[in-house]
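Worksheet: the structure to be examined is printed underneath.
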Amino acid sequence: MRQPSVIARRVAAASVSLVVAAGAAACGPKDNDAKGSGGDSAPHKGGTLTVLNSEPQSDFDPARLYTSGGGNVPSLVFRTLTTRNRENGAAGAEVVPDLATDTGRPNKDATVWTYTLKAGLTYEDGSPITSADIKYGIERSFAPELSGGAPYLRDWLVGAADYQGPYKDKKGLSAIETPDARTIVFHLNKPEGEFPYLATQTQFTPVPKAKDTGTRYESHPVSSGPYKVVKNENDGEHLVLERNTHWSGRVDAERKAYPDTIDVRSGLDSSVINQRLSASQGADAAAVTTDTNLGPAELAKVTGDKALAARVGTGRFGYTNYIAFNPTVKPFDDPRVRQAISYAVDRSSVVNAAGGSALAEPATTFLPDQKSFGYTPYDPFPAGRSGNAAKARELLAQAGHKNGLTVTLTHSNAKDFETSPEIATAVQDALKKAGIKVELQGLEDNDYRDRTHGLKTEPGFFLAHWGADWPSGGPFLAPIFDGRQIVKNGANFNTGLLNDKSVNAEIDAINKLTDLDAAAKRWGALDKKIGEKALVVPLFHPVYKRLYGSDVKNVVISDWTGVLDISQVSVK
């Protein structure tokens, strides 16, 4: 997901795209019991589900999408070796088989992973899906003209670093073997116990080589899922999916595929989306959104209407908003200054700036509050919900700033309630109480991303956020704190420039574990160890509140994405 302005990229991202983006109550709210939400009648097949989104479902090619867990709309067309468990809450953060018979069989040190495809898998034209098709689908994702997908395979597969895809290098990747039509074997550079999570990415979608049309493939990709593309206008702005008659639930236990047609309409203003879902007139009664949240004002209106409140899905995606420090920039090279700011932050005011407690939850840990991430409660600089100005002043005095100091906080001007002016102002007000004068530097979104992700341009003090590619501590901690992932010429996300041998070694040790529960506990312990270094100040984890139409049934929201899963939805 790297850091999306909307969840669409990270769940993607997002997927995502986007994204997007998930918790204890990640299913619908208590008055909206997910499986039975939207009414009392049992789900049934038929009808048309409308999807109203702000972001177009662009680059609808499995090679180009950055979509973990199968995504929402992409998951209806593209099946992968594994996928997310389509259940509410924490159960939905588990990885389960999709095209494969299991989640993968590792060798002793998790450097070789073997998968067997289920028998009877077919494309939309009835032709068989083979292991060679999955290998080819992965290989084409390396082609420069089809870039955009998750980058892990280039790093993880043996000999893949310089591979340019099958259009330029027809020999293919020797690190992927297909000894028969149903077996595929991956050879990795290093142990990766979380390979089953990676196998949910759309790059693991089978693509029949004979049907590959390169950059034009996105207009009509060959479906391996319950729906096929019958219309794709303006690069995903209007996407129409119809039932794939060759798909069978017998070999797909995860997708319910109740509606006959999925009509995706994008490029809409968020306020218009919420107005249409609220009114639920005509086709909008059978409509959902996968990328548009209720804002604070809209949520207040909805909360006062019992009928509307019953049509709000609540979700939590693995995502953290935080303050980042660059310790090479004074005065942030002094840990006591960073600790002082950690004590001074008023998380109550930050949460209010993010839309209130219904839309944001205060954070003292970098890892989100979910078991799958290895969440371990800790607060190395306890300041309560409103900050500890006295402790902050004490540390500043020790650092030689008994009269306070002046710093610049860089933020984005995008109205995202994450890295935007509202959050920056809340931080500014809290630090003022501790004798820290904060001057705000607002940048346009593109400039903000370029500045904060460039090693030579990174500010000393800025707002940031991070979302997980899958629900585990690995893709959360490693990009931000593994010193070997510091990028000198390109997008760098290790903002604190941490290169601690013990941290790097622990990341390697955890990556060897194929017991994901055991790995989660170690990620949580590592989070605590890193948190004591005061390289970031966790602020809050977002909560997603999204309306759905009055005729929508069977709402399922997992902790993997935090958004409604349209593969489960039925309509009247």
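Remember, predicted model here, so these are calculated numbers, not experimental data.
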How far does CZ of F481 sit from CG of N494, to the nearest 0.5 angstrom? 7.5 Å

A534 to R338 - nearest heavy-atom pair and separation: O-NE, 2.8 Å

The reported gap from OG1 in T83 to CG in D252 (rounded to nearest 0.5 angstrom) is 8.5 Å

Has R449 got a side-chain atom pairing as donor or acceptor with A491's backbone, closer than 3.5 angstrom? no

Residue pair I184 / I134: nearest heavy atoms and the distance that separates them: CD1-CG2, 3.7 Å

Kindly indicate whether the side chain of L463, heavy atoms from C-beta on, has any atom under 4.5 Å from the side chain of E418. no

Has the side chain of Y115 got a donor or acceptor atom that lies under 3.5 Å from a matching backbone atom of S131? no

Which heavy atom in I176 sits nearest to a heavy atom in I138, and how many Å separate them? CD1-CG2, 3.8 Å

With distance as the sole test, does T376 use its side chain to make a donor-acceptor pair with the main-chain N or O of G374 at under 3.5 Å? yes

Should W560 and S68 be marked as a side chain to side chain donor-acceptor pair (under 3.5 Å) after you check the CA-CA gap, both sets of side-chain angles, and the distance that decides it? CA-CA 9 Å; W560 192 306; S68 169; 3.0 Å; yes

Consider ring pair (Phe, Tyr, Trp, His ring centres under 6.0 Å). Of F493, F366, W523, which one does F476 pass it with? F366

Is R79 reaching over with its side chain to a backbone N or O of G225, donor-acceptor style, under 3.5 angstrom? no

Are R86 and S567 linked by a side-chain donor-acceptor pair shorter than 3.5 Å? yes

Is the backbone of E55 close enough, under 3.5 Å, to the side chain of D291 for a donor and an acceptor to pair up by distance? yes

Who passes salt bridge (Lys or Arg N to Asp or Glu O under 4.0 Å) against D133, sequence neighbours left out? none

Going by an N to O cut-off under 4.0 Å, is there a salt bridge joining R484 and D155? no

So do P471 and F373 actually touch side chain to side chain, heavy atoms under 4.5 Å? yes

Looking only at atom types and distance, does a side-chain atom of W466 sit under 3.5 Å from a main-chain N or O of P475, one as donor and one as acceptor? yes

Is any side-chain heavy atom of W113 closer than 4.5 Å to a side-chain heavy atom of T514? yes

Do K135 and E139 pass the salt bridge (Lys or Arg N to Asp or Glu O under 4.0 Å) test, and can you show the C-alpha distance, the side-chain angles, and the key distance before you say yes or no? CA-CA 6 Å; K135 173 179 165 70; E139 289 172 342; 2.9 Å; yes

Any side-chain heavy-atom pair from T495 and N326 closer than 4.5 angstrom? no

Is the shortest heavy-atom distance from the side chain of F78 to the side chain of D98 under 4.5 Å? no

The single option from F195, F186, W470 passing ring pair (Phe, Tyr, Trp, His ring centres under 6.0 Å) against Y152: W470

Got a donor-acceptor contact below 3.5 angstrom from the N492 side chain to the H453 backbone? no

For the residue pair S219 and N232, confirm or rule out a side-chain donor-acceptor distance under 3.5 Å. no

Tell me, do F461 and L409 make a side-chain contact under 4.5 Å, heavy atoms counted? yes

For residues Y227 and S223, report the shortest heavy-atom separation together with the two atoms involved. O-OG, 2.6 Å

Please determine whether side chain to side chain donor-acceptor pair (under 3.5 Å) holds for the pair N321 and T419, giving the CA-CA distance in whole Å, both sets of side-chain angles, and the decisive distance to 0.1 Å. CA-CA 8 Å; N321 294 271; T419 57; over 6 Å; no

Assess the residue pair V563 and R546 against the criterion (side chain to side chain contact (heavy atoms under 4.5 Å, CB included)); give the C-alpha distance rounded to whole Å, side-chain angles, the decisive distance to 0.1 Å, and a yes or no. CA-CA 8 Å; V563 300; R546 295 183 178 179; 2.7 Å; yes

Between T365, T364, D527, which is the residue that forms a side-chain hydrogen bond (donor to acceptor under 3.5 Å, both in side chains) with Y378? D527

Checking side chain to side chain contact (heavy atoms under 4.5 Å, CB included) for the pair L198/L153: CA distance, chi angles, key distance, verdict? CA-CA 9 Å; L198 181 65; L153 284 169; 3.9 Å; yes

Validate the cation-pi geometry between R140 and Y217: distance from NZ or CZ to the six-membered ring centre under 6.0 Å, angle to the ring axis within 45°. yes

Given side chains that start at C-beta, do those of I557 and Y544 come closer than 4.5 Å, heavy atoms only? no

N/O donor-acceptor pair under 3.5 Å between K330 side chain and G460 backbone: no

Any side-chain to backbone donor/acceptor pair from D180 onto R182? Under 3.5 Å, distance only. yes

CA sep, side-chain torsions, deciding dist, call: V73, F60, side chain to side chain contact (heavy atoms under 4.5 Å, CB included): CA-CA 10 Å; V73 174; F60 203 67; 4.0 Å; yes

P368 to Y375 - nearest heavy-atom pair and separation: O-CB, 3.2 Å

Can you tell me if CG on D162 sees more than 12 non-hydrogen neighbours from other groups inside 6.0 Å? no

Working note: T205 + S224, criterion side chain to side chain contact (heavy atoms under 4.5 Å, CB included); need CA distance, chi angles, decisive distance, verdict. CA-CA 8 Å; T205 298; S224 51; 4.2 Å; yes

Is it true that, when you exclude K118 itself, more than 12 heavy atoms of the residues, nucleotides or ligands shown sit nearer than 6.0 Å to its NZ? yes

Starting at CG of L477, measure out to CZ of R522 and round the result to the nearest 0.5 Å. 13.0 Å

Taking all non-hydrogen atoms of both residues into account, name the closest pair between A464 and A324 and its distance. CB-CB, 4.3 Å

Gap between atom CG of D482 and atom CG of N499 - 0.5 Å precision: 8.0 Å

Determine yes or no for a side-chain-to-main-chain donor-acceptor pair under 3.5 angstrom, with R154 supplying the side chain and Y163 the backbone. yes

CG on N234 to OG on S58, rounded to 0.5 Å: 11.5 Å

Are side-chain N/O atoms of D212 and Y167 paired as donor and acceptor at under 3.5 Å? yes

Would you compute the distance between atom CD1 of I323 and atom CD1 of I423 and round it to the nearest 0.5 angstrom? 10.5 Å

Do S372 and D559 have side chains that get closer than 4.5 Å, going by heavy atoms? no

